[in-house]
Number of protein chains: 2
Amino acid sequence: MTTHAREALVVTAQRLYAEKGVAATTPREVLEHSGVGQGSLYHHFPSKRDLAVAAVSRTVEETLRSAVSQLEGTGAPDARLAAYLERPRDAVAGCRVGRLTADPLVMADADLHTEVAAYFSNLIQTVAGVLREQGLEADAARDRATTAVAVVQGGYVLSRALGDQEPMRAAVRGFLGLLEARA
Amino acid sequence: MTTHAREALVVTAQRLYAEKGVAATTPREVLEHSGVGQGSLYHHFPSKRDLAVAAVSRTVEETLRSAVSQLEGTGAPDARLAAYLERPRDAVAGCRVGRLTADPLVMADADLHTEVAAYFSNLIQTVAGVLREQGLEADAARDRATTAVAVVQGGYVLSRALGDQEPMRAAVRGFLGLLEARA
DNA sequence: GTCTATACAGCGATAGAC
DNA sequence: GTCTATCGCTGTATAGAC
């Protein structure tokens, strides 16, 4: 059981952070939903911040790995980008990483802020790489990659605001339509 | 002074909400920053929620009016859209309305949620109207309008995450580049 | 309409036994 | 490493005088 309590706490924190944000999630909620006791929580994570760092790092790592894996997978570059953009997402729930940019606790903590920055920096870089495979020059690739990532993040915001999965799909459709019109 | 305290409270709340979100802003902070006394706050706004409704409604109203005014102003449709997208923004601060989609208090309150939904619904509708002026058919106009609004909202998320105004500019540049390539 | 004083709950964290 | 008990503080709101 040595490492089980710690693991249960991290996984539970990840879930609650995705639902309500980091600042709004209390240590008490985490221990109640994970089934571990109060002593255990404060043994493994002396402060709320320590738990936040562990859970947010994990989420960033998982989310980035999954995105990069799809973007650098097999198939033609344009098909890979389209598949990433059209990926099934619970858009109404919002992006687990993107939502952190509005979290007071995350933004006030240098380490947590850096985690979020690194995620988007790497993601844009990866998308730009796919666009360069298509022959786009570096500057144009970086701009268009930023646009692509922004469309997804904005799609999350709109779907969440309107309580409907459709805005995300419409935003991606509109973007892919413009990409195809070029070819 | 009858209405001055109320007004000061609303304006102060708007500012603090933009800085740290609604849930994270305490009634105490609002009264301290506005200079009114505790009794006054609870006289004008019996609960934190009442103040939130007043301040958020005001922000949504102001922001929408400003956007619509520019989008439906003078000049060619494509120039108006470009001007709206390239508008000077403090992107690192985030969108005063968009950030509310990650605010636990706003999302848990039906009236506040509806305010935010109405804002984006109206904004997308307005942009779609501009695109239809350019001859785009209804479905394509709605999709592309959703993309345009998503690019701005995503630009905010990226600029905030990276602590840099540049990602917003890059996202808009990438989008306008695709629009021009079509013409 | 505004003031001062106060109530009460929940949050984040600690103490000390086992 | 986990438990129960408890602490100090702040958030939200109320009471009652002026």
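These numbers were taken from a predicted model, which means no experiment stands behind them. Values reported hereafter were calculated over all heavy atoms of this structure, with side chains retained and with hydrogens, waters and symmetry mates removed. Sequence lines set the chain letters: A, B, ... in the order given, protein chains first and strands last, and positions in each chain run from 1.
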Here the gap from A/Arg89 atom CZ to A/Ser159 atom OG, rounded to the nearest 0.5 Å, amounts to 10.5 Å
From CZ of B/Phe45 across to P of C/dG1 the rounded distance in Å is 12 Å
Residues at least two apart in sequence or cross-chain that pass side chain to side chain donor-acceptor pair (under 3.5 Å) with B/Lys20, listed by chain then number, are B/Glu29
Ordered by number, residues from residues 19-27 of chain B within less than 4.0 Å of DNA chain D (heavy atoms) are B/Thr26, B/Pro27
Check: Going by atom types alone, do A/Gln70 and A/Arg87 pair a side-chain donor with an acceptor below 3.5 Å?
Finding: yes
As a check of understanding: the bend across the helix from C/dG1-D/dC18 to C/dC18-D/dG1, end axes from five pairs, rounded to 10 degrees, works out to 10°
Applied to residues 135-152 of chain A, the side chain to side chain donor-acceptor pair (under 3.5 Å) test, sequence neighbours excluded, yields A/Asp143-B/Arg173
From the list A/Leu51, A/Val30, A/Val53, side-chain contact (heavy atoms from CB on, under 4.5 Å) with A/Phe45 holds only for A/Leu51
_Counting only side-chain nitrogens and oxygens, does A/His44 get under 4.0 Å of the OP1 or OP2 atom of D/dT2?_
yes
Those residues at least two apart in sequence (or on a different chain) that pass side chain to side chain donor-acceptor pair (under 3.5 Å) with B/Arg132 are none
Note: contacts of residues 29-43 of chain B with DNA chain C (heavy atom, under 4.0 Å) are B/Gly37, B/Gln38, B/Gly39, B/Ser40, B/His43
Here the distance between atom P of D/dT12 and atom NZ of B/Lys48, to the nearest Å, is 4 Å
